[in-house]
Amino acid sequence: MPMSAEILRVEDIHTYYGNSHILQGISLQVPRSKLVAILGRNGVGKTTLLRSIMNLTPPRQGKVFFCDEQINNLQAHQISRKGISLVPQGRRLFKSLTVLEHLQIAGRPGGDWNIEKVFGFFPRLQERINHKGNELSGGEQQMLAIARALIANPSMLIMDEPTEGLAPLLVREVYDLIKKIKEEGYSILMAEQKLDFALNIADKIYIISKGQVVFSGKPEEVACNKEMIHHYLGV
Ligand SMILES: Nc1ncnc2c1ncn2[C@@H]1O[C@H](COP(=O)(O)OP(=O)(O)O)[C@@H](O)[C@H]1O
Ligand SMILES: [Mg+2]
């Protein structure tokens with residue numbers, strides 16, 4: 001069977017918290033080596049969708065395929081071993097572990113990401129090599145969260161609002177880093193609230209409202225549709 005053009009395929013996912021039906025039949029595809037951005041207001045289900053793909057919040061219905069293999073029946077750690085790394089919302093670092101220890105724990109063979117390459121890519125982290133998680137600035141924490149995902153040598157990255165809470169200058173820096181990662185050929189699925197940032201970096205956009213996909217298409221189509229932007233994104 002020929003390898004399909006998409007690396008990730010989500011089919012009709014339904015996810016609940018108790019009785020609340022949060023994701024109401026979401027389907028999406030991430031093409032290989034492309035960046036797909038998920039946009040939507042606060043609380044529409046972006047994080048729930050990313051967690052559903054990783055089976056951290058298991059869907060009650062639907063299927064997920066990664067590299068043409070069905071993965072929704074696997075556990076989260078098995079899914080990450082298949083080659084998907086999640087950069088969670090809010091970074092989720094360990095307060096008392098150093099930069100180096102975070103990288104040592106997360107490191108996995110299988111690609112060219114190792115400590116040296118990480119420090120070449122993120123020189124700021126090398127300067128902070130012995131700093132603990134709670135001694136890093138917001139930007140440094142985000143870089144470490146991304147570095148930790150990369151050093152596992154995944155073939156795909158899932159990022160949940162990587163620029164959340166960062167000052168404009170740092171947003172720019174993280175944007176440049178993600179662009180560089182993308183240029184290395186990574187497939188990326190990213191939830192984002194910053195419209196400009198998403199439209200600049202993404203190859204494909206999905207807009208979610210109330211747990212459903214209400215738009216999918218090219219960034220240019222979003223950019224010129226002011227009404228849709230206002231209605232679904234509130235800007
Ligand atoms: N652990 C949880 N238990 C119950 N409800 C939750 C939980 N996490 C999120 N929710 C609710 O699910 C909805 C979607 O949340 P979330 O996926 O975090 O949205 P987003 O990431 O788009 O801001 C929201 O209404 C939120 O309040
Ligand atoms: Mg979220």
Side-chain angles (χ1 to χ4, degrees), residues 8-30 35-64 71-72 75-77 79-80 84-93 138-139 141-146 148-149 156-168 170-171 174-175 177-178 187-202 204-217 219 222 225 228-235:
L8 185 82
R9 192 164 85 243
V10 173
E11 288 182 0
D12 196 28
I13 287 282
H14 291 257
T15 303
Y16 293 72
Y17 293 115
N19 289 326
S20 313
H21 192 179
I22 304 294
L23 301 186
Q24 305 182 3
I26 294 222
S27 298
L28 62 81
Q29 296 92 36
V30 179
L35 193 153
V36 173
I38 300 167
L39 298 176
R41 291 177 194 252
N42 237 332
V44 295
K46 300 182 296 297
T47 296
T48 305
L49 171 59
L50 302 184
R51 290 181 56 88
S52 294
I53 293 169
M54 297 302 290
N55 223 358
L56 290 164
T57 303
R60 224 180 263 182
Q61 192 188 312
K63 292 179 185 165
V64 181
I71 58 163
N72 55 283
Q75 292 178 345
H77 69 274
I79 293 173
S80 73
I84 308 181
S85 281
L86 172 71
V87 182
Q89 187 164 19
R91 351 279 192 215
R92 304 282 185 98
L93 300 174
Q141 287 180 20
Q142 189 58 54
M143 284 174 201
L144 180 54
I146 296 172
R148 175 172 67 174
M156 172 166 190
L157 281 179
I158 295 186
M159 301 193 191
D160 199 350
E161 299 206 29
T163 65
E164 189 186 21
L166 298 184
L170 279 166
V171 170
V174 169
Y175 169 90
L177 279 168
I178 295 174
S187 314
I188 303 173
L189 177 63
M190 182 175 87
E192 187 52 65
Q193 291 253 33
K194 294 188 181 66
L195 181 66
D196 290 353
F197 172 62
L199 295 185
N200 274 318
I201 203 169
K204 185 177 173 187
I205 302 275
Y206 285 89
I207 298 179
I208 295 183
S209 177
K210 296 178 188 155
Q212 295 184 327
V213 172
V214 292
F215 168 88
S216 72
V222 179
N225 195 333
M228 184 170 72
I229 290 175
H230 179 72
H231 192 74
Y232 290 119
L233 307 171
V235 281

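Read the numbers this way: they start at 1 and go in the same order the structure lists the ligands and their atoms.
- Within the 4.5 Å cutoff, no side-chain heavy atoms of Ser187 are placed close to those of Leu8.
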Please lay out, stage by stage, how Thr57 and Thr15 fare under the test side-chain hydrogen bond (donor to acceptor under 3.5 Å, both in side chains).
CA-CA 8 Å; Thr57 303; Thr15 303; over 6 Å; no
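- Remark: Ala145 engages Val87, Arg91, Leu93, Gln142 in a side-chain contact (heavy atoms from CB on, under 4.5 Å) (not counting sequence neighbours).
- Each protein N/O/S atom under 2.8 Å from the Mg ion (ligand 2) was counted, for a total of 2.
- The shortest side-chain heavy-atom distance between Lys204 and Gln29 falls under the 4.5 Å cut-off.
- The shortest non-hydrogen separation linking Leu39 to Ala198 is CD2-CB, 3.6 Å.
- With sequence neighbours left out, the side-chain contact (heavy atoms from CB on, under 4.5 Å) criterion links Phe215 to Ile205, Ile207, Glu221, Val222, Met228.
- In this structure, Lys46 contributes its side chain and Ile208 its backbone to no donor-acceptor pair below 3.5 Å.
- Here Met156 contributes atom CE and Ile158 contributes atom CD1; the two are 4.5 Å apart, rounded to the nearest 0.5 Å.
- Sorted by chain then number, the residues whose non-hydrogen atoms approach ligand 1 to under 4.0 Å are Tyr17, Ile22, Arg41, Asn42, Gly43, Val44, Gly45, Lys46, Thr47, Thr48.
- Glu192 places a side-chain N or O within 3.5 Å of a backbone atom of Lys194 that can act as its donor or acceptor partner.
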